[in-house]
Amino acid sequence: MESAADIVLLTDKPFQDGEPVQIVPELKDRLNSYKTITQVDYFMYPHFAWLKFMRTELVRSKSLSFPVGQYYEDWPFHWETGFVASDIIEISDGYYHYRQRGDSITGLGDQKLLHIFSSDRLVADITNQYSDSLQVRQVLANKVYDGIWYVLRTIDDQYLEEAVLKAKEQLKVTRNYLDYGSPSPKTRLLLLNLKLPMPFAVFAITGMRAALNQLSPARR
């Protein structure tokens with residue numbers, strides 16, 4: 001298959017550690033199994049660096065790099081590549097098999113999760129440099145909301161107070177974007193709790209987490 005695309009996105013097939021890998025058709029037999037992706041759709045695509053091929057010339061000419069010392073460092077990289085790429089395509093069928101482990105960064109609830117806040121702020125800075133598109137800012141706002149929800153829902157109890165404080169700061173720093181978003185009802189409730197003074201906010205969010213755990217023991 002030949003294409004002039006700057007970025008080729010892959011879809012993934014997740015599987016639990018120890019499970020067999022599912023067989024997919026050989027790529028050479030799927031010459032037309034790709035589609036062009038718009039910029040807005042690209043920003044809603046999973047950020048993982050391992051889900052994309054990129055032209056070497058693009059990375060070098062734009063001096064693209066991952067931020068140093070930052071977890072979730074592929075998030076700002078993903079957004080900047082979306083702004084500088086001229087053509088993006090997606091290959092379907094799940095040619096990347098993603099092994100899920102309980103000890104991965106995305107599976108843990110420690111302080112590394114707090115880097116989601118700083119990573120989203122880097123994304124906001126990059127967006128400011130490249131675009132004033134309403135649709136892009138809507139995606140960014142919802143990303144910030146989702147990040148706040150995920151951190152406060154997932155982080156271990158011992159780090160919750162710090163996470164609530166950081167989430168309050170996040171709302172202030174990114175307030176210029178958040179009006180573009182459309183948070184879910186559960187996120188709206190969380191945001192109301194974050195408006196409370198610190199001790200009450202922590203207490204309310206602790207209760208919210210406990211109630212959700214009663215509904216589903218698995219973190220979500």
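The figures that follow rest on heavy atoms only: side chains count, while hydrogens, waters and symmetry mates do not.
- With contacts defined as side-chain heavy-atom distances shorter than 4.5 Å, the pair Leu9/Ile7 qualifies.
- Closest heavy-atom contact between Val151 and Leu113: CG2-O, 3.5 Å.
- Grouping the Ile, Leu, Val, Met, Phe, Trp and Tyr side chains by contacts below 4.5 angstrom, directly or via other members, places Leu165 apart from Phe203.
- Closest approach of Ile126 to Pro76, counting heavy atoms only: CD1-O, 3.4 Å.
- Of all heavy-atom pairs spanning Lys168 and Ala201, the tightest one is CE-CB, 4.1 Å.
- A pairwise comparison of heavy atoms in Asp74 and Phe48 identifies OD2-CA, 3.4 Å as the closest pair.
- One N or O on the side chain of Arg137 and one on the backbone of Ser131 form a donor-acceptor pair closer than 3.5 Å.
- Taken from CE in Met208 to CD1 in Ile205, the straight-line distance is 8.0 Å, to the nearest 0.5 Å.
- Leu196 and Ile148 fall into different hydrophobic clusters, where Ile, Leu, Val, Met, Phe, Trp and Tyr are joined by side-chain heavy atoms under 4.5 Å apart, directly or via other members.
- Asp110 contributes a side-chain N or O that, together with a main-chain N or O of Lys112, makes up a donor-acceptor pair within less than 3.5 Å.
- Interatomic distance, Leu160 CG to Thr154 OG1, rounded to the nearest 0.5 Å: 11.0 Å.
- Atom CZ of Phe77 and atom NE2 of His47 lie 12.5 Å apart (nearest 0.5 Å).
- Considering only heavy atoms from C-beta on, Leu10 stays 4.5 Å or farther from Lys52 through its side chain.
- Taking the six-membered ring where the residue is Trp, the centroids of Tyr42 and His78 are separated by under 6.0 Å.
- Of the possible polar contacts, none joining the Lys143 side chain to the Gln138 backbone as a donor-acceptor pair under 3.5 Å is found.
- Under a 4.0 Å N-O distance rule, the pair Asp157/Arg209 qualifies as a salt bridge.
- Between the side chain of Thr187 and the main chain of Pro183, no donor-acceptor pair closer than 3.5 Å is present.
- The closest donor-acceptor contact from the side chain of Ser61 to the backbone of Leu58 lies under 3.5 Å.
- At a threshold of 4.5 Å between non-hydrogen side-chain atoms, the residues Asp41 and Glu90 do not count as touching.
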Worksheet item: Given Tyr150 and Tyr145, is the ring-ring contact (aromatic ring centres under 6.0 Å, His included) satisfied, shown in steps?
Response: CA-CA 9 Å; Tyr150 183 77; Tyr145 281 132; over 10 Å; no
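- With Val144 as reference, Leu140 is the one residue of Asn142, Asp146, Leu140 to meet the side chain to side chain contact (heavy atoms under 4.5 Å, CB included) rule.
- Here the CH2-CG distance, from Trp149 to Leu189, works out to 7.5 Å after rounding to the nearest 0.5 Å.
- Grouping the Ile, Leu, Val, Met, Phe, Trp and Tyr side chains by contacts below 4.5 angstrom, directly or via other members, places Ile89 with Phe43.
- Residues Asn213 and Arg153 bring a donor and an acceptor atom of their side chains to less than 3.5 Å of each other.
- Grouping the Ile, Leu, Val, Met, Phe, Trp and Tyr side chains by contacts below 4.5 angstrom, directly or via other members, places Tyr71 with Phe66.
- Counting heavy atoms from C-beta outward, Thr81 and Asp6 have side chains that stay 4.5 Å or more apart.
- Using modelled atom types and a 3.5 Å distance limit, the side chains of Glu80 and Tyr130 yield a donor-acceptor pair.
- Side-chain atoms of Arg121 never come within 3.5 Å of backbone atoms of Gln170 as a donor-acceptor pair (strictly under, hydrogens ignored).
- For Glu162, the CD atom sits in a packed shell: over 12 heavy atoms of surrounding residues, nucleotides or ligands are nearer than 6.0 Å.
- Met198 places a side-chain heavy atom less than 4.5 Å from the side chain of Val202.
- Counting non-hydrogen atoms of neighbouring residues, nucleotides and ligands closer than 6.0 angstrom, the CZ atom of Phe83 exceeds 12 such neighbours.
- Note that the CG atom of Leu178 and the NZ atom of Lys172 stand 13.5 Å from one another [nearest 0.5 Å].
- Counting heavy atoms from C-beta outward, Ile88 and Tyr45 have side chains that stay 4.5 Å or more apart.
- Val40 and Tyr180 fall into different hydrophobic clusters, where Ile, Leu, Val, Met, Phe, Trp and Tyr residues are linked whenever their side-chain heavy atoms come under 4.5 Å apart, directly or through other members.
- Within a 6.0 Å sphere centred on CZ of Phe53, heavy atoms belonging to other residues, nucleotides or ligands number 12 at most.
- Between Asp179 atom CG and Arg175 atom CZ the span is 10.5 Å, to the nearest 0.5 Å.
- For the pair Gln39/Gln135, no side-chain contact is recorded, criterion being any heavy-atom separation below 4.5 Å from C-beta on.
- Under the 3.5 Å distance criterion, with hydrogens and angles disregarded, no donor-acceptor pair is assigned to the side chains of Tyr72 and Ser118.
- For CD of Glu73, the number of neighbouring non-hydrogen atoms (other residues, nucleotides, ligands) closer than 6.0 Å is greater than 12.
- Residues Asn128 and Tyr177 bring a donor and an acceptor atom of their side chains to less than 3.5 Å of each other.
- Side-chain atoms of Leu152 and Leu194, non-hydrogen and from C-beta on, do get closer than 4.5 Å to each other.
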